[in-house]
Amino acid sequence: MSATYDKLVDLLVDRFAVDRAEIRPDVTFEELEMDSLFLVELLLVMRSEFDVQISEDAASPTDTIEHAVGLIDDQAPATTS
Amino acid sequence: MSPAPVVAITGLGLVTAAGIGTDSTWQGVCRGESTGARTSSLDGLPVDISCTVPDLEPARHIGRRSALTQDRFVQLGVVAAREAVADSGLDPHAWDGSRVGVVIGCGVGGVSTWESQHRRLVETGPESVSALMVPMLVPNMVAGNLAMDLRATGPNLVTATACASGATAIGTAAQLLREDACDVVVTGGAEAAVNPTLVTGFTQMGALSRRTDEPAAASRPFDRDRDGFVIGEGSGVLVLEREADARARHAPVRARLAGYGASADAHHLTAPDPEGGAVLGAMRTAMAQADVTPRDVTHVNAHGTSTPLNDAVEARVLSRLLGDHAAVTSAKGVLGHSLGAAGAIEAALTVLAIERSTIPPTANLRAQDPALELDVVAGEPRTEKTEVAMSNSFGFGGQNAVLIITAA
């Protein structure tokens with residue numbers, strides 16, 4: 001996957017205590033036991049870590065990791081590697 | 001009217017500066033050596049000593065995501081509560097959770113969460129403040145987390161009476177059992193306020209010992225040279241049931257919670273009423289509920305903070321009410337003052353003193369204040385059978401809570 005995906009995986013592991021082995025692009029946040037409050041926190045972390053503007057309701061627990069990567073890539077400057 | 005049901009204590013859990021678990025705390029308190037030490041999180045402050053819980057690993061002791069969602073006061077409470085429930089022999093997977101209440105005392109709440117998030121707000125702006133800040137810092141969340149952890153869906157609340165919070169919680173829990181609002185109550189106190197802002201606040205009030213060059217000698221309840229308290233942290237949790245219920249399930253009854261008295265000084269923001277009239281009133285109420293006389297009370301687990309005024313007032317009231325026949329001890333010499341947790345930790349230690357016929361010593365009592373006419377246990381634990389004991393807790397704001405605990 002992309003650099004964005006790799007960084008998001010690191011954030012999920014380091015900041016949200018998600019088991020790295022459980023993360024795949026098509027896994028949902030719900031399946032990683034990330035509830036709506038965790039999602040709000042994750043979106044806040046994504047905003048600051050990727051320097052993007054994402055609305056508070058841009059993702060829900062039933063969305064996949066791939067969906068969150070898309071949110072970032074849609075917003076991020078092209079120079080982000 | 002039928003007589004009020006007798007309340008039994010069937011489980012204990014302790015997390016203190018003497019260690020994680022009831023046994024390590026009991027052994028530490030009986031050793032009589034203070035846990036006061038220099039504390040790196042307080043570096044550079046005028047008072048940089050405290051009594052902190054060693055080696056708590058949230059991921060191991062509580063769960064993978066504990067550090068993300070729980071302030072330390074909640075973590076300490078969860079560990080103590082799980083121990084207490086396991087000790088009682090009750091099974092949260094099997095019990096009727098709707099009949100299980102949770103009442104926990106907490107004086108301050110998640111002050112370290114507040115402090116770190118406030119720093120983010122000021123230094124990097126509102127965008128960097130965590131969405132989990134509020135559920136981590138509000139004091140009621142210790143009881144809320146325990147409800148989830150233990151599947152306890154009965155009455156659920158936190159009591160805040162400053163340094164009396166833990167004892168107030170236990171007294172309130174017993175009332176819930178007496179009025180049949182629950183069958184089991186998980187009750188106690190939890191506090192983790194060893195934090196630069198809060199310690200500075202206590203320092204500015206002149207409440208803390210300034211003996212920072214000798215941290216292990218700083219907390220010295222009832223000693224002539226006491227000069228303030230040493231802040232601590234921890235949690236104590238008890239499982240209470242009506243004795244008839246406990247006997248029916250063949251649970252070992254460790255002791256009885258026989259009486260509770262509460263009162264307010266209505267005197268001063270922080271200083272105790274020097275006459276101690278309201279303290280005396282709370283003691284009398286607790287003894288009346290327990291149906292015991294002053295002669296019956298042979299052991300007192302004192303509030304004994306090591307501040308000049310608290311110890312003087314408490315000693316005056318005790319000698320007036322009980323005379324000098326009761327063996328008095330203060331655990332704060334060893335454990336420091338864990339604020340809202342202290343009353344619950346000390347209630348648990350009182351149960352252990354009754355069960356084991358052993359009264360732990362008061363650390364650092366080298367020369368008892370000659371103005372205090374009390375028999376304070378010092379040096380070594382004293383082997384002595386106790387049938388009726390009193391555990392005292394007094395909070396800033398003049399809030400007093402007194403428990404009478406009796407042998408089963």
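All heavy atoms count here, side chains included; hydrogens, waters and symmetry mates do not. Letters go in sequence order (proteins before strands), and every chain restarts at 1.
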Other residues, nucleotides and ligands only: do more than 12 of their heavy atoms fall within 6.0 Å of CD on A:Glu31? yes

Heavy atoms of other groups near B:Glu115 CD, more than 12 under 6.0 Å: yes

Closest heavy-atom pair, A:Val40 versus B:Ala131, reported as atoms and distance to 0.1 Å, is CG1-CB, 3.6 Å

Do other residues, nucleotides or ligands put more than 12 heavy atoms under 6.0 Å from B:Asp43 CG? yes

Region of A:Val45 in contact with chain B, defined by heavy-atom distances below 4.5 Å: neither

B:Ser130 portion near chain A, given a 4.5 angstrom heavy-atom threshold: both

Count the heavy-atom pairs under 4.5 Å between each of B:Arg64, B:Arg65, B:Glu127 and chain A, then report the option with the highest count. B:Arg65

With a 4.5 angstrom heavy-atom cut-off, which part of B:Thr124 approaches chain A: side chain, backbone, both or neither? neither

Tell me the closest heavy-atom pair linking B:Val129 and A:Leu44, and the distance in Å. O-CD1, 3.6 Å

Can you tell which part of B:Leu68 gets under 4.5 Å to a heavy atom of chain A, answering side chain, backbone, both or neither? side chain

